[in-house]
Number of protein chains: 2
Amino acid sequence: MNNGRFPISLHILTLMASSAGELLSSDYIAGSININPVLVRKEISNLRNFGLIESKEGKNGGSTLAKPADKIRLSEVYHAVQQASLLGNSKNKPNPDCPIGKQINLHLDHLYEDIEGALLHRLEKMSLADFLRQFQ
Amino acid sequence: MNNGRFPISLHILTLMASSAGELLSSDYIAGSININPVLVRKEISNLRNFGLIESKEGKNGGSTLAKPADKIRLSEVYHAVQQASLLGNSKNKPNPDCPIGKQINLHLDHLYEDIEGALLHRLEKMSLADFLRQFQ
DNA sequence: TGTACTGTAATAAAGTCAATTACAGAATGA
DNA sequence: TCATTCTGTAATTGACTTTATTACAGTACA
């Protein structure tokens, strides 16, 4: 997974955390990230499905955090954008007649689970507020 | 980084570890992974550059481990295939006029380094021999 | 009721990754 | 010596994925 969505989602959430209470438009956010507003709205839609963001339609509408920044763990952000596995999906279909090939996906999966656990542990320790606090 | 190269490289190395001493041809390896032999040779070339594999050209040639499987850490494999960052490269060029945008790549990089450190710690604890030992 | 937003679908453009083709060079052994 | 069987590598194609763009309906506001 080279997931370009994680940095985008984190950027969106950081902007909202830094101007808590205000409604930010997708155009404004897109201007900060320097990407297309429609992609921002898609990511917001996804983050909203995970309960991290609330939106208001219509004039003077926009989006804001659904809960305080110190209640949002970066692991939640990871879960929201994560679909593929971390070190690369073995979409490969190894040769079932090879004693190594027929077993390797099982053992790769175990390895990935182990590693992803370590990663989530780190992300769980940091809240969005912690992340924002690093900015001056 | 959805790096499909990590599983491929690990598959190659596992095959070599399981038949230590023998020279394996790229065709044979490609048959086990079920991918193109040229891609195998590319990965072997890369692993060779990192001192993990030795190759012999010409008829009856092939490749084998450059050192015992218990002397190869999975972190070395990771380093060999790793190019992009873990949670997705911010190829984005955020708006330098935005107080968040102009700093976020720096803080993302720090976060990635932290997480990658945790990941490497796990991979360092497991050798290729440990990985192979799981196979029956 | 016009304006400024969101939400979403559909399409196009760009980028990435793997397969394939091609071929030179190296080692073997008949 | 020379055909064979490998590696090494470049170049091209094709498949797939991601992002940008266009388009437009729906919503809220003033």
Side-chain angles (χ1 to χ4, degrees), chain A residues 1-9 11-12 15-16 22-50 52-64 66 81-85 87-95, chain B residues 1-9 11-12 15-16 22-50 52-64 66 81-85 87-95:
Chain A
M1 87 137 219
N2 200 350
N3 203 339
R5 290 175 54 206
F6 179 83
I8 290 175
S9 282
H11 195 144
I12 291 171
L15 284 171
M16 291 180 180
E22 296 172 45
L23 288 172
L24 303 184
S25 75
S26 60
D27 260 40
Y28 171 77
I29 296 169
S32 169
I33 309 181
N34 206 20
I35 60 172
N36 195 282
V38 176
L39 182 55
V40 172
R41 295 204 282 268
K42 270 186 197 161
E43 285 307 320
I44 285 178
S45 165
N46 181 57
L47 293 167
R48 192 171 48 236
N49 290 337
F50 282 86
L52 300 178
I53 284 181
E54 284 171 353
S55 302
K56 187 187 169 196
E57 295 190 6
K59 194 172 180 179
N60 299 326
S63 300
T64 188
V81 299
Q82 190 62 10
Q83 45 217 2
S85 106
L87 292 176
N89 263 348
S90 36
K91 322 163 197 172
N92 302 326
K93 293 161 187 161
N95 188 342
Chain B
M1 85 135 219
N2 200 350
N3 202 338
R5 289 176 54 208
F6 180 81
I8 289 174
S9 281
H11 195 143
I12 292 171
L15 285 171
M16 291 181 180
E22 296 173 44
L23 288 173
L24 303 184
S25 76
S26 60
D27 260 39
Y28 171 77
I29 296 169
S32 170
I33 310 181
N34 207 17
I35 61 173
N36 194 283
V38 177
L39 183 54
V40 172
R41 295 204 283 270
K42 270 186 198 160
E43 285 306 319
I44 285 178
S45 166
N46 180 59
L47 294 167
R48 192 170 48 235
N49 290 338
F50 282 86
L52 301 178
I53 283 181
E54 284 171 351
S55 302
K56 186 187 168 195
E57 294 189 4
K59 194 174 180 179
N60 298 325
S63 300
T64 188
V81 299
Q82 190 63 10
Q83 46 216 2
S85 101
L87 291 177
N89 261 349
S90 36
K91 322 160 196 172
N92 302 326
K93 294 161 186 160
N95 188 343

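A quick note: this is a predicted structure, and the numbers were derived from the prediction, not measured. To find a chain, count down the sequence lines: A is the first, B the second, and so on, and within it residues start at 1.
- With contacts defined as side-chain heavy-atom distances shorter than 4.5 Å, the pair A:Met16/A:Leu24 qualifies.
- Phosphate proximity of C:dT6 to A:Ser55: absent, as no side-chain N or O sits under 4.0 Å from OP1 or OP2.
- With D:dT22, C:dA19, D:dA20 as the choices, the nucleotide that has an atom nearest any side-chain atom of A:Val38 turns out to be D:dT22.
- Pairs of residues two or more places apart, or lying in two chains, that qualify as salt bridge (charged side-chain N to carboxylate O under 4.0 Å, His left out) and include a residue from residues 24-47 of chain B are B:Arg5-B:Glu43.
- Distance, B:Ile12 CD1 to D:dT7 C1': 14 Å, rounded to whole Å.
- Counting to the nearest Å, the C1' atom of C:dG7 and the CG atom of A:Leu47 are 15 Å from each other.
- In this entry the distance linking NZ of B:Lys42 with C1' of C:dT20 reads 10 Å, nearest Å.
- With sequence neighbours excluded, the residues forming a side chain to side chain contact (heavy atoms under 4.5 Å, CB included) with A:Ser55 are A:Ile44, A:Arg48, A:Ile53, A:Ser63, listed by chain and number.
- Rounding to the nearest 0.5 angstrom, the gap separating the OG atom in A:Ser45 from the CG atom in A:Asn49 is 5.0 Å.
- Taken from CG in A:Asn95 to OH in B:Tyr28, the straight-line distance is 8.5 Å, to the nearest 0.5 Å.
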Can you check nucleotides 13-16 of chain D for protein contacts, nitrogen or oxygen pairs under 3.5 Å, and list what you find?
none

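- Listed by chain and number, the residues in a side chain to side chain contact (heavy atoms under 4.5 Å, CB included) with A:Asn34 are B:Lys93 (sequence neighbours excluded).
- Nucleotide C:dA4 holds its P atom 18 Å from the CG atom of A:Leu24, rounded to whole Å.
- The side chain of B:Ser26 places no N or O atom within less than 4.0 Å of a non-bridging phosphate oxygen (OP1 or OP2) of D:dC6.
- We find that CD of B:Glu54 is positioned 12 Å from P of D:dG8, with the value rounded to whole Å.
- If you measure from atom CZ of A:Arg41 to atom P of D:dA20, you get 13 Å, rounded to the nearest angstrom.
- Distance A:Glu43 CD to C:dT6 C1': 16 Å, rounded to the nearest Å.
- Contact check, A:Ser25 against C:dA4: no side-chain N or O comes under 4.0 Å of OP1 or OP2.
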Interface polar pairs with nucleotides 27-30 of chain C, N/O, under 3.5 angstrom:
| residue | atom | partner | partner atom | Å |
| --- | --- | --- | --- | --- |
| C:dA27 | N3 | B:Lys59 | N | 3.2 |
| C:dT28 | OP1 | B:Lys56 | NZ | 2.5 |

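- A distance of 8.5 Å separates OG in B:Ser9 from CG in B:Leu52, rounded to the nearest 0.5 Å.
- One finds no side-chain N or O of A:Arg5 lying less than 4.0 angstrom from the OP1 or OP2 phosphate oxygen of D:dT18.
- The side chain to side chain contact (heavy atoms under 4.5 Å, CB included) test applied to A:Ile35 returns A:Ile8, A:Ile33, A:Leu39, A:Val40, B:Asn92, not counting sequence neighbours.
- If you check residues 27-36 of chain B against DNA chain C, the residues with a heavy atom closer than 4.0 Å are B:Ile35, B:Asn36, listed by number.
- As a whole-Å value, the separation of A:Asn46 CG from C:dT6 P is 17 Å.
- Nucleic acid contact class of B:Ser63 (heavy atoms, under 4.0 Å, all strands): none.
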